[in-house]
Amino acid sequence: MPELPEVETVRAGLESLVSGTVVESVEIRRDSCVRLLAGGVPEFCALVTGERIRAVARRGKFMWFELVAPDATGAEPPREALSAHLGMSGQFRVHDTRWDQAPDPHPHCRARIFLRATNAPSGSGHLVLDFIDQRTFGYLHTEGLVSTADGAPAGAGTHHSLLPASVAHIGRDALDPNLDVEQSLARWRRGSRGIKQVILDQSIVSGIGNIYADEALWTARIHPERPAHAMSKRQASTLLVAAQSVMASALSQGGTSFDSLYVNVNGESGYFSRSLEAYGRGGEACSRCGSAIRLATVGGRSTHWCARCQRRWAPRSGPLDSGA
DNA sequence: AGTAGCACCTGATTGC
DNA sequence: TGCAATCAGGTGCTAC
């Protein structure tokens, strides 16, 4: 569910609230939320408890807390990461309250992290960080860090070129200033898959999910099933710019949400859903040409596109196709 | 190597 | 009304 703009909204919110705090204790309410860690709940708690959160970083939809020794000073590199993925329905919620006054956890709360926060806005010295996840595809994880291939900062919210080992195979995201555009476009144009499946491939350019894939393809007037190898360099470039543009715009409005399954760390919804042109508009008129927006399953994902504006083949390089 | 298919979950909605 | 089928914003493993 949460794509780059939503995850960045959460990351920025977390950064402002939990940077500098120390993990006092952890309450895992559903063991499977730390299933990636071989040692399970005990190991997770042991590795995280007592650590100081130095920063909250993100690449694409993958997020991590940089952990340092509690008495660390200066800018020494993190020694470990508490990584997190929101999956389809994950949320972080922060309560600025004394631990014993925190509200009862939400029924879908999978983990509750108690933080010692000397600078808590309320002055209580405490924060409670809840990881809530209805569908349980999200997770928390603890792991070591590896270096980026290019030596540049690993992603948003960090100036270190270190990222969690499990994130090393994820490409830089569409809004990362260190994204290698030439190489990314070349990889987008390779292979037989439909272009929508390719732009959802997080190992090439990360951060694009099902909503923004449909929006970017609509903006760039490209059919979701156009084979990657049939994309011109110019079309690929237009598509990347469209994805960057739509996600930056969504980010400026706090992300997209249709319901309470996506909210920021304060429990508030974003407003971008009212700006969507294709996603969720099956059967409605395309705002550009008036044709009905189609809805079908492509690559296992619900896909929305305008059959008139978005041709399966480039108009000058192949037969026209109604997109049926 | 590249790609398709499915598995992993819970809850809301739809259709019979 | 009741129950089964379907669908949801993601990732990663397996098998071809």
Side-chain angles (χ1 to χ4, degrees), chain A residues 1-10 29-36 58-63 83-92 106-111 131-141 164-171 173-174 186-217 224-225 227-229 243 246-247 250-251 253-264 269-283 295-304:
Chain A
M1 166 280 251
E3 306 181 33
L4 189 157
E6 293 76 37
V7 180
E8 173 59 19
T9 299
V10 171
R29 303 178 60 82
R30 182 169 172 135
D31 292 3
S32 66
C33 82
V34 295
R35 61 190 173 278
L36 267 51
R58 178 192 59 79
R59 170 179 288 201
K61 308 168 196 170
F62 292 76
M63 200 165 28
S83 46
H85 197 290
L86 301 179
M88 293 281 264
S89 55
Q91 307 174 1
F92 277 109
H106 186 282
H108 299 139
C109 179
R110 309 310 185 192
F131 178 62
I132 298 169
D133 185 17
Q134 179 199 104
R135 292 183 67 187
T136 73
F137 288 171
Y139 59 79
L140 302 179
H141 190 31
S166 71
V167 185
H169 68 293
I170 297 301
D173 67 56
R187 290 188 61 192
W188 266 10
R189 298 174 56 211
R190 222 151 54 204
S192 60
R193 287 183 296 175
I195 188 61
K196 176 171 177 181
Q197 282 154 279
V198 172
I199 66 176
L200 288 174
D201 184 338
Q202 305 296 302
S203 72
I204 307 176
V205 175
S206 67
I208 302 170
N210 204 37
I211 295 176
Y212 299 113
D214 282 3
E215 294 302 302
L217 288 162
E225 293 181 300
H229 61 67
V246 69
M247 290 199 293
L251 178 55
Q253 295 177 54
T256 297
S257 61
F258 310 117
D259 51 44
S260 62
L261 274 191
Y262 172 71
V263 293
N264 69 13
S269 293
Y271 289 101
F272 195 68
S273 62
R274 58 187 73 171
S275 306
L276 297 176
E277 297 281 2
Y279 189 89
R281 295 193 177 279
L295 169 58
T297 298
V298 172
R301 312 299 300 280
S302 69
T303 299
H304 314 69

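This is a predicted model, so every value here is computed, not measured. Just the heavy atoms: all of them, side chains too, but no hydrogens, waters or symmetry mates, feed the values below.
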Novice: Could you give the CG-to-P distance, from A/Leu86 to B/dC8, as a whole number of Å?
Specialist: 22 Å
Novice: Using whole Å, report how far CG of A/Leu276 lies from C1' of C/dG9.
Specialist: 11 Å
Novice: Counting N and O atoms only, with roles assigned by atom type, does the side chain of A/Arg193 sit under 3.5 Å from a partner on the main chain of A/Glu225, one being a donor and the other an acceptor?
Specialist: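 Flag not set: sc A/Arg193 to bb A/Glu225 has no pair under 3.5 Å.
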Novice: When the ring planes of A/His106 and A/His108 are compared, do they come out parallel, tilted or perpendicular, using 30° and 60° as the limits?
Specialist: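 Because their plane-to-plane angle lies in the 30° to 60° range, the rings of A/His106 and A/His108 count as tilted.
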Novice: Provide, to the nearest angstrom, the distance between the CG atom belonging to A/Asp214 and the P atom belonging to C/dG9.
Specialist: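 The distance from CG of A/Asp214 to P of C/dG9 comes to 9 Å, rounded to the nearest Å.
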Novice: Nearest-Å distance, CZ (A/Arg29) to P (B/dC9)?
Specialist: 19 Å
Novice: In whole angstrom, give the distance that lies between atom CG of A/Asp133 and atom P of B/dT10.
Specialist: 11 Å
Novice: May I ask you to test the A/Asp133-A/Leu86 pair for a side-chain heavy-atom distance under 4.5 Å?
Specialist: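 No. Closest side-chain heavy atoms not under 4.5 Å.
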Novice: Between P on B/dT3 and CZ on A/Arg193, what's the gap in Å once rounded to a whole number?
Specialist: 5 Å
Novice: Which listed nucleotide (B/dT10, B/dT3, B/dC9) is nearest to the side chain of A/Gln134?
Specialist: B/dT10
Novice: Aromatic rings A/Phe131 and A/Phe92: how do their planes relate, parallel, tilted or perpendicular, breaks at 30° and 60°?
Specialist: tilted
Novice: Against A/Ile199, only a single residue in A/Val205, A/Ile204, A/Leu217 fulfils side-chain contact (heavy atoms from CB on, under 4.5 Å); can you say which?
Specialist: A/Leu217
Novice: OP1 or OP2 of C/dG9 versus the side-chain N and O atoms of A/Tyr279: is any pair under 4.0 Å?
Specialist: yes
Novice: Respond yes when some side-chain nitrogen or oxygen of A/Ser192 is under 4.0 Å from OP1 or OP2 of B/dT3, and no when none is.
Specialist: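 Affirmative; the distance criterion is met.
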Novice: Using atom types as modelled and distance alone, determine if a side-chain donor or acceptor of A/Arg135 lies under 3.5 Å from a backbone N or O of A/Gly87.
Specialist: no
Novice: Would you call the rings of A/Tyr279 and A/His304 parallel, tilted or perpendicular, taking 30° and 60° as the class edges?
Specialist: tilted
Novice: For A/Arg30, report the nucleic acid contact type (base, sugar-phosphate, nothing); a contact means any heavy atom under 4.0 Å.
Specialist: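 If one applies the 4.0 Å heavy-atom cut-off, A/Arg30 turns out to touch the sugar-phosphate alone, with no base involved.
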Novice: Is any side-chain heavy atom of A/Glu8 closer than 4.5 Å to a side-chain heavy atom of A/Arg58?
Specialist: yes
Novice: Could you work out the separation of B/dG11 and C/dT11 based on their P atoms and round it to a whole Å?
Specialist: 22 Å
Novice: How far, in whole Å, is B/dT3 from C/dG9 if one measures between their C1' atoms?
Specialist: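 It works out to 23 Å between them.
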Novice: Just to confirm, is there a sub-4.0 Å distance from OP1 or OP2 of B/dC9 to any side-chain nitrogen or oxygen of A/His108?
Specialist: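 So the side chain of A/His108 is outside the cut-off, no N or O lying under 4.0 Å from OP1 or OP2 of B/dC9.
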Novice: What is the separation between atom CZ on A/Arg110 and atom P on B/dC9, rounded to the nearest whole Å?
Specialist: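 Taking CZ of A/Arg110 and P of B/dC9, I get 11 Å after rounding.
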Novice: If you compare every side-chain N and O of A/Ser302 against the phosphate oxygens of C/dA8 (OP1, OP2), does one of them come in below 4.0 Å?
Specialist: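 So the side-chain polar atoms of A/Ser302 do come within 4.0 Å of the phosphate oxygens OP1 or OP2 of C/dA8, strictly under.
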Novice: Within a strict 4.5 Å, meaning less than it, do heavy atoms of the A/Glu215 and A/Ser275 side chains meet?
Specialist: no
Novice: Ignoring backbone atoms, establish whether A/Arg135 has a side-chain N or O less than 4.0 Å from OP1 or OP2 of B/dA12.
Specialist: no
Novice: NZ of A/Lys196 versus P of C/dG10: gap in Å, rounded?
Specialist: 9 Å
Novice: When you look for runs of 3 or more Watson-Crick or G-U pairs in a row, both distances below 3.5 Å, which of them include DNA chain C?
Specialist: B:2-8 with C:10-16, B:10-16 with C:2-8
Novice: Does the protein touch nucleotides 11-16 of chain C at the base, only the backbone, or not at all? Give it as B, S and - per nucleotide, heavy atoms under 4.0 Å.
Specialist: SS----
Novice: Salt bridge between A/Lys61 and A/Asp173, side-chain N to carboxylate O under 4.0 Å?
Specialist: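 No salt bridge links A/Lys61 with A/Asp173.
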